[in-house]
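These notes concern the structure reproduced below.
Because only heavy atoms are used, hydrogens play no part in the values below, and waters and symmetry mates are left out as well, while side chains stay in. Atoms within a ligand are numbered from 1 in the order they appear, just like the ligands themselves. Positions are given from 1 along the sequence.
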Amino acid sequence: MSEAERKMQFLFALRSKGVTDSRVLTAMEETDRADFVREGVFTGRAYEDMPLPIACGQTISQPSVVGLMTQALDIRRRDKVLEVGTGSGYQAAVLGRLARRVYTVERHRRLANEARKLFERLDLTNITVITGDGSHGLPDQAPFDRIIVTAAAEDPPGPLLSQLCEGGVMVLPVGRSDAVQSLIRVTKTDAGFDYEELRAVRFVPLMAGVAKE
Ligand code: SAH
């Protein structure tokens, strides 16, 4: 299959799964997932709509889930975005093409370092990678216009809710890690928080503390 055909098929798969926002599709077209997939047996599968294993026992999300979460965030050009769970850096790279500034937090030092190097190599200069426990958010950079969590917690972490701007939106999977989880969208209003359930998903669990490697 030629490069062009592969790209067409990738975009077609995204559309057929409900990713219809043209800005999101363009950002994903411009972000080569092969750069974020570990070299070796999985390189050839970078354009398939499935999650793949990365270092530290973690996974790079399925492209359609990245697309649907990004679409649900409804990012505006001037937004400052926080991602919890850098993993491969793929989701952050897509966010970086839509927002003014992206902060992404990862508890595995190795994944954070690799993502940082990759963003440098790809010249994605508006993304900052931080090693840490993202469930505390980033008080120094708060508030955020948009927050995305790419690991599942039982409930939305309180510090993240409090670091959302008024009118701000957070998209995250909630539920037990050994069960099917719900992707939800939380909007902060002047009266409190609105919650919407979007679809069923499966993510690795949100873990406490910084990992050993
Ligand atoms: N967004 C990623 C998918 C990451 S999988 C991508 O595009 O590839 C979820 C990631 O969340 C894992 O790398 C895991 O180590 C990380 N994680 C889990 N709990 C965390 C926490 N409390 N703080 C920061 N990162 C966390």
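Note on ring orientation: taking the six-membered ring where Trp is involved, the planes of Phe10 and Tyr47 are perpendicular (angle over 60°, cut-offs 30° and 60°).
Close N/O approach between Gly134 and ligand 1 is found [any backbone or side-chain N/O within under 3.5 Å]. For a threshold of 3.5 Å applied to N or O pairs, the pair formed by Gly85 and ligand 1 contains at least one separation below that value. Inclusion of Glu83 in the set of residues having an N or O under 3.5 Å from an N or O of ligand 1 is warranted.
Neither side chain, Thr20 nor Arg15, offers a donor N or O lying under 3.5 Å from an acceptor on the other. For the residue pair Arg101 / Thr128, a side-chain donor-acceptor distance below 3.5 Å is found, with atom types taken as modelled. Side-chain polar atoms of Gln58 and Ser88 form no donor-acceptor pair below 3.5 angstrom. Checked by atom type, the side-chain pair Ser182/Glu197 shows a donor-acceptor distance below 3.5 Å. Inspection of the Asn113 and Arg116 side chains reveals an N or O donor paired with an N or O acceptor under 3.5 Å.
Within the 4.0 Å heavy-atom criterion, both parts of Glu106, backbone and side chain, lie near ligand 1. When heavy-atom distances to ligand 1 are checked against a 4.0 Å cut-off, Gln91 comes that close through both its backbone and its side chain. At a heavy-atom cutoff of 4.0 Å, ligand 1 is contacted by both the backbone and the side chain of Asp133. Of all the heavy atoms of Pro205, the ones lying under 4.0 Å from any atom of ligand 1 belong exclusively to the backbone.
Residue Val204 approaches ligand 1 through these ligand atoms, each under 4.0 Å from one of its heavy atoms: 5 (S), 9 (C). The Ile60 neighbourhood of ligand 1 comprises atoms 8 (O), with distances under 4.0 Å to a heavy atom of that residue. Taking every heavy atom of Thr86 and a limit of under 4.0 angstrom, the matching atoms of ligand 1 come to 1 (N), 2 (C), 6 (C), 8 (O). Atoms of ligand 1 found under 4.0 Å from any heavy atom of Leu111 (numbered from 1 in listed order, with element): 13 (O). Applying the 4.0 Å criterion to heavy atoms of Ser61 picks out, from ligand 1, the atoms 3 (C).
Around the CD atom of Glu30, the shell of radius 6.0 Å holds more than 12 heavy atoms that belong to other residues, nucleotides or ligands.
Taking every heavy atom of both residues into account, Ala93 and Leu124 meet most closely at CB-CD1, 3.8 Å.
By heavy-atom distance, the residue among Val84, Val210, Leu206, Thr59 lying nearest atom 4 (C) of ligand 1 is Thr59. Here the shortest heavy-atom distance to atom 8 (O) of ligand 1, taken over Ala55, Pro63, Ser88, belongs to Ser88.
For atom 20 (C) of ligand 1, the nearest protein heavy atom (residue, atom name, distance) is Arg107 CD, 3.3 Å.
The shell of residues lying under 4.0 angstrom from ligand 1, judged by heavy atoms, excludes Ala92. Taking a 4.0 Å cut-off on heavy atoms, Gly132 registers as neighbouring ligand 1.
Under a 4.0 Å N-O distance rule, the pair Asp79/Arg146 qualifies as a salt bridge.
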